Amino acid sequence: RFVFPLLVLAAPPGVAWSEECPSSPDHTESISAVIAQIQDVGNEAEAQTFSNQLWEFWTDAPDESAQAVLDRGMTRRNAWDLLGAIEDFDKLVAYCPSYAEGYNQRAFAHYLRQDFQSALPDLDKAIELSPNHVAAISGRALTLLGLQRVDEAREALSQALELNPWLSERHLMAPGGPLAVPGEDI
């Protein structure tokens, strides 16, 4: 098995990879409960509090090593070191291929580079692994819009808005927005 020695070299300083990534924490029930709470709130500010809780679940990596790489990649992305971030997320996905957030974060870095073709498969994989990942679903909508696949983008954003009707991207569906249904008021 040649993957393990390569991953040891790729681990951040002070972090040792285990041979295999453990299973991702199962936050399915908690995520569903938070989504139900988001759907019941009366305003965007209240919804944002619950949305922040979702991020806590999504960014809970399978182990300390994966968490360190995720955190470093997100820090690099926030500093606009997008290629460095993608490099970290590549390592994370290779180590933890069943962890949805590795794919979602790599897709976001690709999206910021306007490399929509590279972002889309990662978003599809993140959604496959975490079907209620509202951020990945809305990210998929934005990516499809970037690819000028408007009907698919509208469908993806509709799915995301069913889960969280307070998403900031909802304005894209408003009359006059790029994803508005022609002739239909929302």
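Note that the structure is a prediction, hence the values are computed from the model and not measured.
- We find the CD-CG distance between Q105 and D88 to be 11.0 Å, quoted to the nearest 0.5 Å.
- Atom-to-atom distance recorded for D60:CG and D26:CG is 11.0 Å, nearest 0.5 angstrom.
- Between the CG atom of L70 and the OG1 atom of T75 there is a distance of 9.0 Å, given to the nearest 0.5 Å.
- Take E56 and apply the salt bridge (charged side-chain N to carboxylate O under 4.0 Å, His left out) test, not counting sequence neighbours, and it matches no residue.
- Contact record, G176 with A180: N-CB, 3.9 Å, taken as the closest heavy-atom pair.
- Inter-residue side-chain proximity for T59 and M74 is flagged as met; some heavy-atom pair is nearer than 4.5 Å.
- If you run salt bridge (Lys or Arg N to Asp or Glu O under 4.0 Å) between D81 and each of R76, R72, R113, only R76 comes through.
- Across P131 and I137, no two heavy atoms sit closer than the pair O-CD1, 3.4 Å.
- Residue pairs meeting the ring-ring contact (aromatic ring centres under 6.0 Å, His included) criterion with at least one member in residues 20-54, sequence neighbours excluded, are H27-F57.
- Placement of I86 and W80 in two distinct hydrophobic clusters is found when ILVMFWY residues are connected by side-chain heavy-atom separations under 4.5 Å, directly or transitively.
- Rounded to the nearest 0.5 Å, atoms CD (E169) and CG (L145) are 11.0 Å apart.
- Hydrophobic cluster membership differs between L129 and I31, with clusters built from Ile, Leu, Val, Met, Phe, Trp and Tyr side chains linked at under 4.5 angstrom.
- Remark: side-chain polar atoms of Y103 are not paired, donor with acceptor, to backbone N or O of F89 under 3.5 angstrom.
- Checked by atom type, the side-chain pair D63/Y95 shows a donor-acceptor distance below 3.5 Å.
- Put simply, the side chain of R170 gets close to the backbone of L167: a donor and an acceptor are under 3.5 Å apart.
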If you apply the rule salt bridge (charged side-chain N to carboxylate O under 4.0 Å, His left out), what do you find for D151 with R154, and how did you get there?
CA-CA 5 Å; D151 290 339; R154 185 181 302 117; 2.9 Å; yes
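- Separating the CD atom in E152 from the CG atom in L179 is a distance of 11.5 Å, to the nearest 0.5 Å.
- Applying the side-chain contact (heavy atoms from CB on, under 4.5 Å) criterion to E155, with sequence neighbours excluded, gives Q159.
- Rounding to the nearest 0.5 Å gives a distance of 8.5 Å between CD of Q48 and CD1 of I38.
- In terms of heavy-atom proximity, L147 sits nearest to L120 at CD1-CD2, 4.0 Å.
- No more than 12 heavy atoms of other residues, nucleotides or ligands sit less than 6.0 Å from atom CD of Q117.
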Step by step, work out the side chain to side chain contact (heavy atoms under 4.5 Å, CB included) result for N104 and L123.
CA-CA 6 Å; N104 184 54; L123 290 164; 3.6 Å; yes
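- Partners of E46 according to the salt bridge (charged side-chain N to carboxylate O under 4.0 Å, His left out) rule, which considers only residues two or more places apart in sequence or in another chain, do not exist here.
- Closest of all the heavy-atom pairs between S158 and M173 is OG-CE, 3.1 Å.
- Among pairs with a residue in residues 130-142, those fulfilling side chain to side chain donor-acceptor pair (under 3.5 Å) read E101-H133, D124-R140, at least two apart in sequence or across chains.
- Within the 4.5 Å cutoff, the side chain of I35 has no heavy atoms near those of the N164 side chain.
- The salt bridge (charged side-chain N to carboxylate O under 4.0 Å, His left out) check on D40 picks up nothing, with sequence neighbours excluded.
- Hydrophobic clustering places W166 together with W58 (ILVMFWY residues linked when any side-chain heavy atoms are closer than 4.5 Å, directly or through intermediates).
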